There are 2 protein chains.
Amino acid sequence: MKGSGGARRAPRSTPRPRGRPPGRSSRDGVIAGRDALLAAAERAIARDGPRVTLDAIAAEAGVTKPILYRGVGDRDALVFALAERLTRRMTDQVAEQVARTEDPEDMLRRLVRGYLELAAAQRNLYLFVTAGGVGDKRLQQSLLLADGAAQQFVDGIAAFRSARGADPAVATVWSYGLVGSLHYVTLWWLREPSLELETVTEHITSLLWTGLRLEEPVD
Amino acid sequence: MKGSGGARRAPRSTPRPRGRPPGRSSRDGVIAGRDALLAAAERAIARDGPRVTLDAIAAEAGVTKPILYRGVGDRDALVFALAERLTRRMTDQVAEQVARTEDPEDMLRRLVRGYLELAAAQRNLYLFVTAGGVGDKRLQQSLLLADGAAQQFVDGIAAFRSARGADPAVATVWSYGLVGSLHYVTLWWLREPSLELETVTEHITSLLWTGLRLEEPVD
DNA sequence: GCCTAAATCTACCTATGGTAATTTAATGTG
DNA sequence: CACATTAAATTACCATAGGTAGATTTAGGC
């Protein structure tokens, strides 16, 4: 439906030779493993921004496009794979920070801060992953972060206050809400870094922990 | 950088006539005003989904592509313009609902419900507007909803609890957080409508109003 | 009545995602 | 050791879609 490039064309006289060039085979060890391709993609994205072309990625990896396609699939699959990678990295790094405290509010604060830090440190990759897809595909993939990272945190919160029946639906909605607020504030902050990291962290933490209610007006 | 379509090619013998066809001029009233173009774009999007081509939009509007470009600009400008329109529509409709109550929590609840309702009612347009852009451009436009709709609501909340110094930075961060959580929950809900509208509304409202804290564990 | 100006359409370009045809190196077999 | 077979990978290609320039015709002014 998208690019059904079918070539059923009469043969022509091509001056340049086609086919495999002289070089070492691939049997002696996998030359371009999936991980190497993804790492190259991350490098290309960091360099060229979220609108990198697949040609640029393939060139960075030192392979040709069909190899890239055999290794990771089409562009959507690439976005998906990189989203998984980034999510895992974020989860790991943030989890380490979160584990350093016992206070739930402080856990949330560390989660927020870690999210902002990593997004800023890998700005282009973050944009590529969150804005890379299009249309319905995007609907599938943009939620990866929420699917993975936040769910376990919110589950933890839900378990913490185990007085209630621990409705799993609540945890799901909350985890999407949590990630969504983080994501939008991150986008805004990447665009206009007018506030300090710590300030933004405090404001989001306040919103998410205490809610909009706060206390009644003092009058 | 993108499509610098420069034609510096030797003239060919084209059988078909080029140029302006017989018809009425545009002096007697603007034929394809900006609003008409945008309305046609919305129709085409509703029909074809968020991946509509500009050709389809121009055809729906009954004009040719250059006219579309003169009227609204390139694709990013189109996304931007439609985002503005949708935002205004949402703001108006939601504001009407919000005004029917005095209780701040109920105002928030109505805001949430209205957001979900409109997004679901105009699913394709919502996806086009929120996922339409790419790369850095997206960073500019995806925040329109937050820029407009939520800010005034959060300002209201901030004014309501006027005890604090009403830091405008807090209101900004909160409004992005508010819209972000709405947006992500909406995407999830559009993908998997497993819960009733009212249930989702209650869960988000609870998260945003009360926060993750709730009460201490009962033990 | 002719010329200028404005408006617009067709045709085209360019860029990019994605794939098929083709060719060579490696490997197994008589 | 010569030869067929297979696997891999490169080049060239296609299709689609955004964006623009040149051609052309109508309307209005001198």
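Chain letters run A, B, ... following the sequence lines, proteins first, then strands; residues in each count from 1. The model shown is predicted, which means the values in this text are computed figures rather than measured ones.
Two residues, A:Val52 and A:Pro66, neighbour DNA chain C, and the one matched to the more 5' nucleotide by heavy-atom proximity is A:Val52. Taking for each of A:Lys65 and A:Arg70 the nucleotide of DNA chain D with the nearest heavy atom, the 5'-most of the two is the partner of A:Arg70.
The separation between B:Leu68 atom CG and D:dG19 atom P is 10 Å, rounded to whole Å. In this structure, CZ of A:Arg51 is placed 15 Å from C1' of C:dG17, rounded to the nearest angstrom. Between B:Asp55 atom CG and D:dG18 atom P there is a gap of 7 Å when expressed in whole angstrom units. Atom CZ in A:Arg75 sits about 15 Å away from atom P in C:dT19, given to the nearest Å. Summarising the geometry, the separation between CG on B:Asp74 and P on D:dG19 is reported as 5 Å, rounded to the nearest angstrom. Rounding to whole angstrom units, CD1 of residue A:Ile57 and C1' of C:dG17 are separated by 12 Å. Distance A:Leu54 CG to D:dC13 P: 21 Å, rounded to the nearest Å.
Shown here are the side chain to side chain contact (heavy atoms under 4.5 Å, CB included) partners of B:Glu96, two or more places apart in sequence or in another chain: B:Arg100. Residues passing the side-chain hydrogen bond (donor to acceptor under 3.5 Å, both in side chains) test with A:Asp106 are A:Thr101, A:Arg109, A:Arg110, sequence neighbours excluded. For A:Gln93, the side chain to side chain contact (heavy atoms under 4.5 Å, CB included) criterion is met by A:Leu118, not counting sequence neighbours. Legend: residues meeting side chain to side chain contact (heavy atoms under 4.5 Å, CB included) with B:Ser181, ordered by chain and number and at least two apart, are A:Ser181, B:Leu208.
Side-chain atoms of B:Ile67 lie closest to C:dT8 of the nucleotides C:dT8, C:dT19, D:dT11. Side-chain proximity of A:Thr53 to D:dG18, D:dA9, C:dG17: nearest is C:dG17.
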Table please: side-chain donor-acceptor pairs of residues 53-64 of chain A below 3.5 Å, with sequence neighbours left out.
| residue | atom | partner | partner atom | Å |
| --- | --- | --- | --- | --- |
| A:Thr53 | OG1 | A:Ala56 | N | 3.1 |
| A:Glu60 | OE1 | A:Arg47 | NH1 | 2.5 |
| A:Glu60 | OE2 | A:Arg43 | NH1 | 2.6 |

(request) Take A:Arg113 and A:Glu202 through the salt bridge (Lys or Arg N to Asp or Glu O under 4.0 Å) test and state the conclusion after the steps. (result) CA-CA 9 Å; A:Arg113 187 188 298 127; A:Glu202 281 312 311; 5.1 Å; no

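For D:dT10, the OP1/OP2 oxygens have a side-chain nitrogen or oxygen of A:Thr64 closer than 4.0 Å.
The bend of the helix from C:dG1-D:dC30 to C:dG30-D:dC1, defined by the angle between the axes of its first five and last five pairs, stands at 30° to the nearest 10°.
Ring pair B:Tyr176/A:Trp188 is parallel by interplanar angle, where below 30° counts as parallel and above 60° as perpendicular.
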